[in-house]
Amino acid sequence: QVQLVESGGGQVQAGGSLRLSCAASGRTVANNAMGWFRQAPGKEREFVAYIRWSSGNAYYADSVKGRFTLSRDNAKNTMYLQMNSLKPEDTAVYYCAASSLMTVTMEAYGIWGQGTQVTVSS
């Protein structure tokens with residue numbers, strides 16, 4: 001069983017940057033996709049991005065494409081989400097998750113972290 005722990009959230013002004021981390025422990029995630037989802041107050045959880053752990057190839061939601069970058073460190077079993085040019089609408093709780101499928105579908109992700117708050121002020 002994989003356990004996921006997010007960190008790196010916080011408060012930043014519009015236009016600023018944050019880097020989120022998701023550390024995986026328990027067993028290798030080499031065959032999994034790992035993704036980020038977010039949930040703003042009063043809204044449904046939505047897909048942000050995922051990365052194929054073995055290749056490092058990433059896929060992004062249109063809303064974050066060009067501003068967010070996913071990467072991973074195999075040695076540390078950690079995934080990073082670099083968020084640049086942040087907007088107030090990026091404010092949400094960000095969750096990392098693991099899946100055996102390369103997909104944007106939330107239901108396919110069976111392992112979740114506890115979430116980390118990102119707040120972007122205007």
Side-chain angles (χ1 to χ4, degrees):
Q1 183 77 358
V2 176
Q3 292 84 40
L4 305 176
V5 178
E6 302 100 332
S7 61
Q11 186 167 353
V12 65
Q13 289 190 330
S17 299
L18 283 174
R19 189 178 79 157
L20 305 184
S21 300
C22 176
S25 62
R27 67 170 176 83
T28 181
V29 296
N31 295 321
N32 289 353
M34 288 187 68
W36 288 96
F37 292 78
R38 65 186 182 186
Q39 188 166 19
K43 295 187 177 181
E44 294 186 351
R45 195 171 297 188
E46 64 176 6
F47 167 77
V48 175
Y50 74 72
I51 189 167
R52 183 169 188 159
W53 196 264
S54 58
S55 65
N57 292 334
Y59 181 83
Y60 301 91
D62 288 344
S63 59
V64 306
K65 199 175 296 182
R67 300 188 297 123
F68 291 11
T69 303
L70 263 180
S71 61
R72 87 277 190 255
D73 184 328
N74 281 325
K76 295 182 179 180
N77 249 11
T78 299
M79 171 177 67
Y80 303 100
L81 182 67
Q82 178 66 43
M83 306 185 294
N84 298 329
S85 302
L86 282 161
K87 305 175 182 179
E89 51 263 45
D90 294 318
T91 295
V93 178
Y94 283 70
Y95 299 89
C96 71
S99 173
S100 59
L101 302 175
M102 312 306 144
T103 179
V104 305
T105 303
M106 183 174 64
E107 289 75 13
Y109 289 79
I111 302 169
W112 292 82
Q114 81 286 356
T116 186
Q117 177 70 47
V118 171
T119 303
V120 184
S121 57
S122 57

Nearest non-hydrogen partners of M79 and G35, listed with the distance: CE-O, 3.7 Å

Would you check, one step at a time, whether the test side chain to side chain contact (heavy atoms under 4.5 Å, CB included) holds for Y50 with V104? CA-CA 7 Å; Y50 74 72; V104 305; 4.1 Å; yes

About how many Å separate CH2 of W36 and CE of M83, when rounded to the nearest 0.5 Å? 8.0 Å

When every non-hydrogen atom of A49 is compared with those of Y60, the smallest separation belongs to CB-CD2, 3.6 Å

Interatomic distance, CG@N77 vs CH2@W53, rounded to 0.5 Å, equals 5.5 Å

Determine yes or no for a side-chain-to-main-chain donor-acceptor pair under 3.5 angstrom, with T105 supplying the side chain and T103 the backbone. no

Under 3.5 Å, side-chain donor or acceptor atoms of residues 86-94 against the rest of the protein: list the pairs with distances, not counting sequence neighbours.
from: D90; atom 1: OD1; to: R38; atom 2: NH1; distance (Å): 2.9
from: D90; atom 1: OD1; to: R67; atom 2: NH2; distance (Å): 3.0
from: D90; atom 1: OD2; to: R67; atom 2: NH1; distance (Å): 2.7
from: D90; atom 1: OD2; to: R67; atom 2: NH2; distance (Å): 3.4
from: D90; atom 1: OD2; to: K87; atom 2: N; distance (Å): 2.8
from: T91; atom 1: OG1; to: P88; atom 2: O; distance (Å): 2.9
from: T91; atom 1: OG1; to: V120; atom 2: N; distance (Å): 2.9
from: T91; atom 1: OG1; to: V120; atom 2: O; distance (Å): 3.4
from: Y94; atom 1: OH; to: R38; atom 2: NH1; distance (Å): 2.9
from: Y94; atom 1: OH; to: D90; atom 2: O; distance (Å): 2.6

Please find the pair of heavy atoms, one from L70 and one from A58, that lie closest to each other, and give the distance. CB-CB, 4.1 Å

Residue Y80 excluded, over 12 heavy atoms near OH under 6.0 Å: yes

Report the residues that fulfil side-chain hydrogen bond (donor to acceptor under 3.5 Å, both in side chains) with S85, sequence neighbours left out, ordered by chain and then residue number. none

Test of understanding: with side-chain hydrogen bond (donor to acceptor under 3.5 Å, both in side chains), list the residues that count as partners of T119, not counting sequence neighbours. Q117

Could you list the donor-acceptor pairs under 3.5 angstrom formed between side-chain atoms of residues 11-22 and any protein atom two or more places apart in sequence or on another chain?
from: S17; atom 1: OG; to: N84; atom 2: OD1; distance (Å): 2.9

With R45 via salt bridge (charged side-chain N to carboxylate O under 4.0 Å, His left out) - residues at least two apart: none

Which residue pairs pass the disulfide bond (SG atoms under 2.5 Å apart) test when at least one of the two sits in residues 55-92, sequence neighbours left out? none

Non-neighbouring partners of N57 that pass side chain to side chain contact (heavy atoms under 4.5 Å, CB included), sequence neighbours left out: S55

List the residues meeting salt bridge (charged side-chain N to carboxylate O under 4.0 Å, His left out) with K65, not counting sequence neighbours, and say none if there are none. D62

Looking at every heavy atom in both E6 and C96, which two are closest together, and how far apart are they? OE2-N, 2.8 Å

So which heavy atom on Q39 is nearest to which on K43, and how close? NE2-O, 3.1 Å

According to ring pair (Phe, Tyr, Trp, His ring centres under 6.0 Å), does anything in residues 97-118 pair up with another residue at least two apart or in another chain? List the pairs. F37-Y109, F37-W112

Considering non-hydrogen atoms only, spot the tightest contact between L101 and A108 and give its length. CD1-CB, 4.2 Å

Which residue pairs pass the disulfide bond (SG atoms under 2.5 Å apart) test with at least one member in residues 62-93, sequence neighbours excluded? none

